[in-house]
Amino acid sequence: MQMRQLQGIFLLFPITLCLCLFSQLAYSQLTQNHYSNTCPNVESIVRAAVTKKFSETAITVGATIRLFFHDCFVQGCDASVIVASSGNNTAEKDHSINLSLAGDGFDTVIRAKAAVDAVPQCTNRVSCADILTMATRDVIALAGGPSYAVELGRLDGLRSSASDVNGRLPGPDSSLDQLTNLFAVNGLSMSDMIALSGAHTIGFAHCTTFSNRISSTVDPTMNPTYARQLQGACPANANPNLAVGLDPVTPRAFDNQYFKNLQQGMGLLRSDQVLFTDTRSRPFVNSWAQSTAAFQRAFVNAITKLGRVGVKTGANGNIRRNCAVMN
């Protein structure tokens, strides 16, 4: 995840306590059968659209997961990250942190929304936020990861501002304390954070996000052989758009290889490798490196909790006709 350093995190806690209480009331309204009467086949419709997109490009997986994370950590899971800038408003999508979000993630949601709205019974009945949630689950399963039941009933947010992104997303050089504190703001534990970091078993990162680890002095926590491989793939003054796989072993499979890589000093970002070098988080890494089933259970629990962050209901949201444009 290519993101800025944490800013003013401790200032957020008093506000967050109120937000968490409100959020709990909101997500209690989520149900697995929310659309059973209004659009009973919504999950199969979304899955078909996502499967077609996945068949065209494997980038769809990492791009969609990352889009979901970036959405939920800023103003909650309300599809506000998909909104395009307009007039005098610079939307979340155009914040410098989000410029690296791959277009395939946005396209996955837009295609799925079109497929849903093409069914008369479902037209303008399903939120973009719920479609992104379902699409995230579906790409994970398509890449070999767990399939799980999703909670639905989110509304789309009424606001999307780049200024809201500041300080809400972890950076590639974040420490364990910074990561843990930022996830705690969103009601997620250290184990949730480490499990969700396991999504880095798939996807890509731009060379600029880790170049400081392989420059003149190689980060001592990095495997020397891996460092040399990265130096070859990302030479000095390389094209800033150049990217490499987050998982050099099984880059297209959603598995527990990420944690095995950390044990070998092959975490691409410093915020990845710190999960093993810090003794507080290392037991989780070792446990999930040993057991795919244990990792999948922890991941499903964590991403379900992530999907509850900042849920909009009632007058706090609506269902966008176009995911990229406010109604």
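Note that the coordinates shown come from a computational prediction; the quantities given were computed from them, not determined experimentally.
- Remark: the backbone N or O of Pro170 is not paired with any side-chain donor or acceptor of Ser174 at under 3.5 angstrom.
- Here the closest heavy-atom approach between residue Gln231 and residue Ser215 is recorded as NE2-O, 4.0 Å.
- Residues Met193 and Thr180 are in side-chain contact: their nearest non-hydrogen atoms beyond the backbone lie under 4.5 Å apart.
- For the pair Leu169 and His70, the minimum side-chain heavy-atom distance is below 4.5 Å.
- A heavy-atom distance below 4.5 Å is not found between the side chains of Thr90 and Ser161.
- A donor atom on one side chain and an acceptor atom on the other are found under 3.5 Å apart for Thr221 and Arg213.
- Hydrophobic clustering, with ILVMFWY side chains joined whenever heavy atoms are under 4.5 angstrom apart, keeps Ile110 apart from Leu142.
- Without hydrogens or angle criteria, Gln178 side chain to Ser175 main chain gives a donor-acceptor distance under 3.5 Å.
- Looking at every heavy atom in both residues, Asn261 comes nearest to Pro248 through ND2-CD, 3.7 Å.
- In this structure, a donor-acceptor pair under 3.5 Å is present between the side chains of Asp272 and Tyr258.
- Proximity of a side-chain donor or acceptor of Thr304 to a complementary backbone N or O of Val300 within less than 3.5 Å is detected.
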| said: side chain to side chain contact (heavy atoms under 4.5 Å, CB included) for Ser100 and Arg66? Distances and angles first, verdict last. | reply: CA-CA 10 Å; Ser100 64; Arg66 190 161 176 250; 2.9 Å; yes
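- Judged by distance alone, with hydrogens and angles left aside, the side-chain atoms of Asp71 form a donor-acceptor pair with the main-chain N or O of Ala79 at under 3.5 Å.
- Hydrophobic clustering of Ile, Leu, Val, Met, Phe, Trp and Tyr side chains at less than 4.5 Å, counting indirect connections, keeps Val325 apart from Val81.
- Between Glu151 and Lys305 there is no salt bridge, since no side-chain N of the basic residue sits under 4.0 Å from a carboxylate O of the acidic one.
- For Val218 against Ala227, the heavy-atom pair with the smallest separation is CG1-CB, 3.6 Å.
- If you run side-chain contact (heavy atoms from CB on, under 4.5 Å) between Met134 and each of Val50, Val109, Val126, only Val126 comes through.
- In this structure a side-chain-to-backbone donor-acceptor pair under 3.5 Å is present from Asn98 to Glu92.
- No side-chain N or O of Thr123 forms a donor-acceptor pair with one of Asp117 less than 3.5 Å apart.
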| message | Run Phe259 and Phe276 through ring pair (Phe, Tyr, Trp, His ring centres under 6.0 Å) and show every step you take. | response | CA-CA 8 Å; Phe259 300 104; Phe276 184 74; over 10 Å; no
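- Rounded to the nearest 0.5 angstrom, Leu268 CG and Arg270 CZ are separated by 11.5 Å.
- Atom CZ of Arg125 is separated from atom OH of Tyr35 by 11.0 Å, given to the nearest 0.5 angstrom.
- The hydrophobic clustering, which links ILVMFWY residues whose side-chain heavy atoms are closer than 4.5 Å, places Val83 and Leu67 apart.
- Side-chain contact between Leu155 and Asn318: absent, with no pair of heavy atoms (C-beta onward) separated by less than 4.5 Å.
- Residues Val249 and Leu269 share a single hydrophobic cluster, defined by chaining ILVMFWY side chains whose heavy atoms lie under 4.5 Å apart.
- When side chains are defined from C-beta on, Leu101 counts as touching Phe106, because their heavy atoms get closer than 4.5 Å.
- Thr201 and Asp247 share a donor-acceptor pair across their side chains, judged by distance under 3.5 Å alone.
- Between Ile140 and Ile303 the shortest heavy-atom distance is CD1-CD1, 3.9 Å.
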| request: Evaluate the criterion side chain to side chain contact (heavy atoms under 4.5 Å, CB included) for residue pair Phe73 and Asn186; output intermediate values, then yes/no. | output: CA-CA 7 Å; Phe73 261 43; Asn186 292 287; 3.5 Å; yes
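- When every heavy atom of Gln273 is checked against every heavy atom of Met266, the shortest pair comes out as OE1-N, 3.5 Å.
- Electrostatic pairing of Arg154 and Asp78 does not count as a salt bridge here, judged by no charged N lying under 4.0 Å from a carboxylate O.
- Tyr226 and Ile214 fall within a single hydrophobic cluster, where Ile, Leu, Val, Met, Phe, Trp and Tyr side chains are chained together by heavy-atom contacts under 4.5 Å.
- Counting only distance, with no hydrogens or angles, the side chain of Ser287 and the backbone of Pro283 share no donor-acceptor pair below 3.5 Å.
- Atom OG in Ser281 sits 4.5 Å away from atom CG in Asp278 (nearest 0.5 Å).
- Ionic pairing of Asp156 and Lys312 is not present here: no N-O contact between side-chain nitrogen and carboxylate oxygen is shorter than 4.0 angstrom.
- Remark: Ser36 OG to Glu43 CD distance equals 11.0 Å, nearest 0.5 Å.
- Partner Gln257 forms a side-chain contact (heavy atoms from CB on, under 4.5 Å) with one of Thr250, Ile202, Thr292, Leu262 and no other, that one being Thr250.
- No side-chain donor-acceptor contact under 3.5 Å links His206 to the backbone of Thr208.
- Ser85 and Ala91 get closest at one heavy-atom pair: OG-N, 2.8 Å.
- Side-chain atoms of Arg252 do not come within 3.5 Å of backbone N or O of Val61 as any donor-acceptor pair.
- You'll find the side chain of Val139 stays beyond 4.5 Å of the side chain of Phe254, heavy atoms only.
- Put simply, the side chain of Asn256 never gets that close to the backbone of Phe295: no donor and acceptor are under 3.5 Å apart.
- A salt bridge is absent between Asp164 and Arg168: the closest approach of a Lys/Arg side-chain nitrogen to an acidic carboxylate oxygen does not fall below 4.0 angstrom.
- To the nearest 0.5 angstrom, Arg308 atom CZ is 10.5 Å from Leu306 atom CG.
- Taken to the nearest 0.5 Å, the CD1 atom of Ile319 stands 8.0 Å off from the CG atom of Asp130.
- Between Arg137 and Tyr148, some side-chain heavy-atom pair lies under the 4.5 Å cut-off.
- Under a 4.0 Å N-O distance rule, the pair Asp107/Arg111 qualifies as a salt bridge.
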| Steps toward side chain to side chain contact (heavy atoms under 4.5 Å, CB included) verdict (Asp104, Glu56) | CA-CA 10 Å; Asp104 288 293; Glu56 296 172 4; over 6 Å; no
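- Side-chain contact check for Phe210 versus Cys234: some heavy-atom pair is nearer than 4.5 Å.
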| task | Show your working on salt bridge (Lys or Arg N to Asp or Glu O under 4.0 Å) between Asp177 and Arg280 and close with a plain yes or no. | result | CA-CA 10 Å; Asp177 286 335; Arg280 294 171 294 174; 2.9 Å; yes
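- A distance-only check finds no donor-acceptor pair linking the side chain of Ser80 to the backbone of Ser160 [under 3.5 Å].
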| message | If you apply the rule side chain to side chain contact (heavy atoms under 4.5 Å, CB included), what do you find for Phe299 with Asn301, and how did you get there? | response | CA-CA 5 Å; Phe299 182 84; Asn301 178 65; over 6 Å; no
